[in-house]
Amino acid sequence: MRFNFRNGMVIAVVCIIIVLGLLSVQEAREDEQLKVVATYSIIHDLVENVAGDRVELNSMVPIGEEPEEYEPLPEDMQAVAEADLVFANGLGMEHWLVSIIQNVAPNQNMVEVTAGVEPFYLYDAGLQGEPDPHAWLDPILVRDYYIPNIRDALIELDPEGEEYYQQRAVDYQEELGELDEWIKEQVEQIPVENKILVTSEGAYRYFVEAYGFEEGFIWQINSHEEGTPQQIANLIDSIRDQEVKAVFVETSVSHRPMERVAEEVGVPIGGVLYSDSTDEPGSENDNYLSMMEHNVSSIVEALGGRE
Ligand SMILES: [Zn+2]
């Protein structure tokens with residue numbers, strides 16, 4: 001073939017395309033991040049605080065939604081199968097995850113971030129002996145178990161990021177310690193006889209034990225019967241016997257059963273608390289620290305801590 005200008009141009013263009021192609025393949029490889037899945041919003045936020053931007057992190061249960069009655073979608077199974085690591089709360093919280101792992105990804109690397117926590121056990125009718133999964137509502141357990149478990153699993157997955165994860169974990173643990181100190185100061189403003197936390201779901205056991213409250217609830221856990229007439233009648237009886245200043249509803253469950261209790265007994269609804277999920281991304285309480293501050297401020301205000 002005789003060289004001419006036109007052929008030269010074609011060859012040059014083809015070469016450029018090949019070089020660009022190779023560059024973009026290389027770039028894609030460099031960009032390819034480790035894929036990490038967290039089961040729901042609270043775990044997602046805690047993992048994000050340690051993992052930063054070194055991994056691609058997704059939440060299975062959409063952020064802001066209730067995780068205990070979640071019904072996984074086909075894309076969740078794919079996400080679990082493709083993930084390098086799955087973080088779950090454990091303690092029976094993600095009962096729906098067990099069959100996904102068994103069926104879709106039996107070799108999946110799953111870390112239960114509550115490993116090492118000494119759990120409380122449920123005690124309501126039919127639930128005795130099951131662990132109470134809501135350990136994140138005590139920030140000291142988050143500091144001492146959740147974060148170290150998350151940090152260690154990330155380091156094992158991505159040893160090059162060790163220093164990065166260590167530093168982020170230390171920084172966040174410091175914030176959790178400060179949160180705990182702040183909560184202690186706040187709840188001191190509540191007269192002891194008012195320290196009764198009545199909520200729809202009995203999700204706050206770890207919180208009430210840590211900060212010296214009594215608890216009351218309509219049902220003990222969202223994954224079982226919620227708000228039956230008998231459960232409502234039982235709570236009404238028990239709060240009639242005590243001087244309860246206010247009752248609370250939660251963001252992730254129906255407010256109606258507690259509104260019936262409040263009307264019947266003549267106590268106000270003291271506020272809307274977060275329990276099983278943070279708020280939607282971009283809203284004020286879209287992270288664990290803010291949701292805890294919101295809860296505590298609402299509780300202190302309603303139970304008579306402030307002038
Ligand atoms: Zn719950």
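Numbering of ligands and ligand atoms starts at 1, following listing order.
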Margin query: So, using side-chain hydrogen bond (donor to acceptor under 3.5 Å, both in side chains) as the criterion, who are the partners of His44 when residues are at least two apart?
Written below: none

Margin query: Counting only heavy atoms from other residues, nucleotides and ligands, does the tally under 6.0 Å from CD of Glu259 exceed 12?
Written below: yes

Item checked: His134 NE2 and Glu68 OE1 subtending at the Zn ion (ligand 1) (10° steps) -> 140°

Check: What is the ring orientation for Tyr123 with Phe217, classed by angle as parallel under 30°, tilted 30 to 60°, or perpendicular over 60°?
Finding: tilted

Next item on the list: May I have all residue pairs that pass salt bridge (charged side-chain N to carboxylate O under 4.0 Å, His left out) and include part of residues 52-67, sequence neighbours excluded?
Entry: Arg54-Asp158

Next item on the list: Name whichever N, O or S atom of Asp276 ends up nearest to the Zn ion (ligand 1).
Entry: OD2

Check: Closest to the Zn ion (ligand 1), which N/O/S atom of Glu201 is it?
Finding: OE2

